[in-house]
Participant: 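The structure's right below; bear with me while I get my questions together.
We count ligands from 1, going down the list as the structure has it; atoms in each ligand are counted the same way. Heavy-atom basis, side chains included; hydrogens, waters and symmetry copies ignored.
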Amino acid sequence: MTQSTFAPRALVERAQALLAEMSLEEKIGQLQMVQSGGWHVPDHLRDAIREGRVGSVINEVDVNTVNELQRIAVQESRLGIPLLVGRDVIHGFKTVFPIPLGQAAAWDPAVVERGARISAREAAACGVNWTFAPMLDIGRDPRWGRVAEGYGEDPYLTSVLGAAAVRGFQGTDLSAPDSVAACAKHFAGYGASEAGKDYNTTNIPLNEMRNVHLPPFEAAIRAGCATVMTSFSDIDGIPATASEFLLRETLRERWGFDGVVVSDWDAVRQLAVHGLTAGDRGSAQAAALAGVDIEMASTAYADHLASLIREGDVSEEILDGLVRNILVLKLRMGLFEDPYTDASQFPTPANAAHLRAAQEAAVASIVLLKNSAGVLPLHRERLERVAVLGPLADERHEQLGTWIFDGDPEHSVPFLPALRERLGEDVQVDYVRGLPTTRSHDRHEFEAAVQAATGADAAILVVGEEAILSGEAHCRADISLPGAQEALIEAIAATGTPVVLVVMAGRALALESVVPRVHAALYAFHPGTMGGPALVDILLGVEEPRGRLPVSLPRVTGQVPIYYAHKRTGKPATPDTIIRMEDIPARATQLSVGNTSFHLDVHPSPLFPFGFGLSYSHVQYSDVRASAGNLAPGGEIVLMADVTNTGPRTIHEVAQLYLCDPVASLTRPVRQLIGFKRLTLHPGERRTVHFTVTTEQLSFIGRDGSRVAEPGQFHAWIGGDATADQRVEFSLLEQ
Ligand code: BGC
């Protein structure tokens with residue numbers, strides 16, 4: 001069993017004492033989360049809280065209304081139990097940080113933690129005491145719109161960043177006025193929705209569930225995450241909201257989690273829609289037995305738990321367990337001592353310091369993909385006229401990204417005004433939108449765009465996807481650039497002016513047909529409130545590009561899911577076994593001997609690999625080595641490499657450590673990230689990067705469900721992305 005949030009004994013005893021005073025109806029009331037009225041307390045909600053029929057509310061962000069809701073709960077209900085007040089604060093509140101996928105590109109837990117801390121403070125000022133974040137679903141299929149909300153394709157990176165988000169939201173003391181309880185979601189496997197279609201069934205082998213989808217949740221629990229949300233999806237015939245394997249066996253028993261489990265919105269009722277139960281009564285029973293403490297939005301518990309208990313279909317002991325978890329959380333959050341929010345004690349939202357942090361996060365999250373002939377950085381003093389083009393160059397709302405209920409586009413600074421301000425009067429900036437939206441096929445501005453680009457020192461094209469094209473229920477079957485954007489890029493490229501492409505998107509897009517046409521390309525995801533100035537700083541070389549891809553960028557949609565940590569298969573593709581469709585002679589006959597795992601019509605590699613990102617300098621890895629040839633079980637080994645900045649500018653490098661267990665009792669990925677370190681190197685500087693690797697880092701969850709590090713040889717690579725080719729070998733000795 002690993003460490004849990006372990007509530008102090010005194011709190012559990014207080015919760016127990018309170019539980020002893022509660023009627024059956026009051027207990028069931030604690031399990032109910034309801035939608036707030038929004039800026040007022042409707043009569044039905046007032047009555048429900050007064051009568052102890054509500055334990056938590058969702059979506060109220062007016063501090064006076066929240067205080068009134070708490071007053072009714074504390075002063076007018078029989079037992080005076082305060083409310084949990086939940087809100088989706090996914091990547092910012094008033095100040096919007098890059099989407100989580102963008103934050104992941106910073107490969108820096110400090111960036112995520114700081115963003116979450118500021119978001120917590122801004123949300124707590126409105127009375128929110130619980131956020132439904134971080135989302136820890138592994139996103140390997142970018143057709144799925146919710147990849148925007150997660151930290152990418154890798155379990156280790158997601159674990160490190162998820163834990164950082166938990167620390168940021170919850171602070172060091174959950175009862176501090178500016179802390180909000182975090183919620184690790186969606187437990188578990190939601191990211192594997194088939195065909196990247198939201199809410200779809202998943203097919204996740206147990207080995208993959210344990211070694212890919214579950215580790216980030218375990219890391220969040222170890223970081224003290226107070227709550228967990230169930231996934232909407234069906235896993236191996238049992239929707240997560242009724243999964244005793246996930247919620248009892250794994251979360252509670254194996255990991256020792258003693259916080260609160262909340263269903264996703266309406267997910268208890270949906271157990272019947274899945275076909276697991278015949279209706280709400282069965283759904284309430286299944287969710288309660290699995291261990292869902294709070295029902296979000298639907299009312300199966302409220303409508304049926306009392307009769308289920310009276311008829312012996314759910315024991316009162318089970319119910320007491322659910323209620324106890326909720327009461328303990330409310331006690332840990334200090335709500336019984338002070339349920340009210342004094343907004344005057346909080347800093348102004350979106351203040352200068354918060355905006356600065358958002359800008360720094362955006363700078364850290366932008367990935368330079370291509371920079372041929374040193375087009376970037378642009379030298380301000382050499383510029384006379386620049387063309388700014390594209391449907392996302394001047395979009396306050398779109399750059400904020402998905403799921404930003406409280407973000408205020410008024411604070412947003414888009415690229416165009418930021419560039420104009422920075423370049424001042426002496427440089428002419430000609431702006432033509434080119435297309436009304438990213439989805440549009442209306443080419444009537446193409447001519448003007450071409451004219452603006454012709455003869456300019458550079459044409460900066462800001463393209464991608466609007467915020468609404470990713471996020472919940474916003475999935476795409478084709479992840480190339482939508483609308484006529486490719487045609488716009490082609491038209492501008494034909495002018496011969498150096499083209500700098502900036503892509504803003506909520507997912508990895510397939511850009512194989514676009515990148516070769518441009519001189520430089522940057523991936524900005526949706527960069528948030530301060531995306532504009534961050535981009536300008538990078539383009540003008542005020543900041544060094546330092547983002548690294550948290551996902552592989554596919555060449556074409558048909559490659560997905562494509563991720564670096566794939567299995568070897570029995571017939572791995574090698575450069576000399578790949579056959580191209582064009583090279584197959586007419587009337588060729590089918591042969592399987594010697595064939596390997598690839599598509600006929602696309603190179604098997606991604607367009608850009610996981611971990612990739614350029615800078616304005618050059619880096620070289622050399623002498624990858626180990627401190628010893630082997631390690632004993634329980635021991636450690638140090639892996640190192642020399643890293644040299646061979647270019648002309650300072651570099652913020654991310655040294656990445658990948659591992660392979662080439663022979664194991666369960667087949668393992670070709671390689672997997674097990675560590676990374678950021679290092680700043682000045683021109684000419686060489687440093688040695690060290691990774692201390694423990695036996696646990698060599699382990700995986702084996703066939704019997706327990707963690708195992710198997711003796712034998714291991715391979716490791718240290719380098720700048722998932723294709724790092726300098727390998728060192730060492731062995732784990734027998735016990
Ligand atoms: C989403 C959750 C979210 C909840 C509350 C659901 O539709 O799946 O991620 O926290 O709504 O807004």
Side-chain angles (χ1 to χ4, degrees), residues 32-38 54-61 83-93 99-101 116 119-120 123 126 128-139 144-151 158 162 165-166 169 180-193 196-202 213 216-217 220 225-235 239-241 243 246 259-271 273-274 287 292-299 401-407 467-468 470-475 506:
Q32 181 70 57
M33 178 191 292
V34 299
Q35 165 89 322
S36 144
V54 173
S56 45
V57 294
I58 177 169
N59 294 339
E60 183 55 70
V61 289
L83 298 164
L84 294 171
V85 180
R87 180 70 159 175
D88 289 287
V89 183
I90 305 301
H91 53 110
F93 194 70
I99 54 169
L101 187 60
S119 309
C126 298
V128 171
N129 54 34
W130 184 15
T131 176
F132 304 117
M135 187 188 98
L136 303 177
D137 300 312
I138 297 300
W144 189 49
R146 299 199 83 167
V147 291
E149 293 177 62
Y151 298 119
T158 301
V166 170
F169 284 128
V180 299
C183 183
K185 72 184 186 185
H186 306 84
F187 193 63
Y190 186 32
S193 298
K197 196 170 61 172
D198 208 5
Y199 317 127
N200 207 2
T201 300
T202 65
H213 297 279
F217 288 93
C225 190
T227 75
V228 168
M229 184 188 292
T230 65
S231 159
F232 281 128
S233 45
D234 177 334
I235 300 143
T241 306
S243 172
L246 285 174
V260 162
V261 173
V262 59
S263 78
D264 202 343
W265 185 279
D266 194 39
V268 176
R269 189 195 64 82
Q270 289 168 17
L271 292 175
V273 185
H274 278 281
V292 174
D293 301 312
I294 294 181
E295 179 176 4
M296 188 192 289
S298 54
T299 58
T402 185
W403 213 268
I404 40 110
F405 289 138
D406 305 289
I468 196 64
S470 57
E472 183 172 353
H474 287 73
C475 306

Participant: Kindly compute the distance separating CG (Asp88) from CD1 (Ile404), expressed to the nearest 0.5 Å.
Facilitator: 12.0 Å

Participant: Does the Asn129 side chain pair with the main chain of Val85, one donor and one acceptor, at a distance under 3.5 Å?
Facilitator: yes

Participant: Do Trp130 and Ser56 have side-chain atoms, one donor and one acceptor, less than 3.5 Å apart?
Facilitator: no

Participant: I need the Met296 CE to Gln35 CD distance, nearest 0.5 Å.
Facilitator: 10.0 Å

Participant: Using salt bridge (charged side-chain N to carboxylate O under 4.0 Å, His left out) as the criterion, list what pairs up with Asp198, not counting sequence neighbours.
Facilitator: none

Participant: Mind jotting down which protein residues get a heavy-atom contact under 4.0 Å with ligand 1? Chain and number order, please.
Facilitator: Ile58, Asp88, Phe132, Arg146, Lys185, His186, Met229, Phe232, Asp264, Trp265, Met296, Trp403, Glu472

Participant: So do Arg87 and Val61 actually touch side chain to side chain, heavy atoms under 4.5 Å?
Facilitator: yes

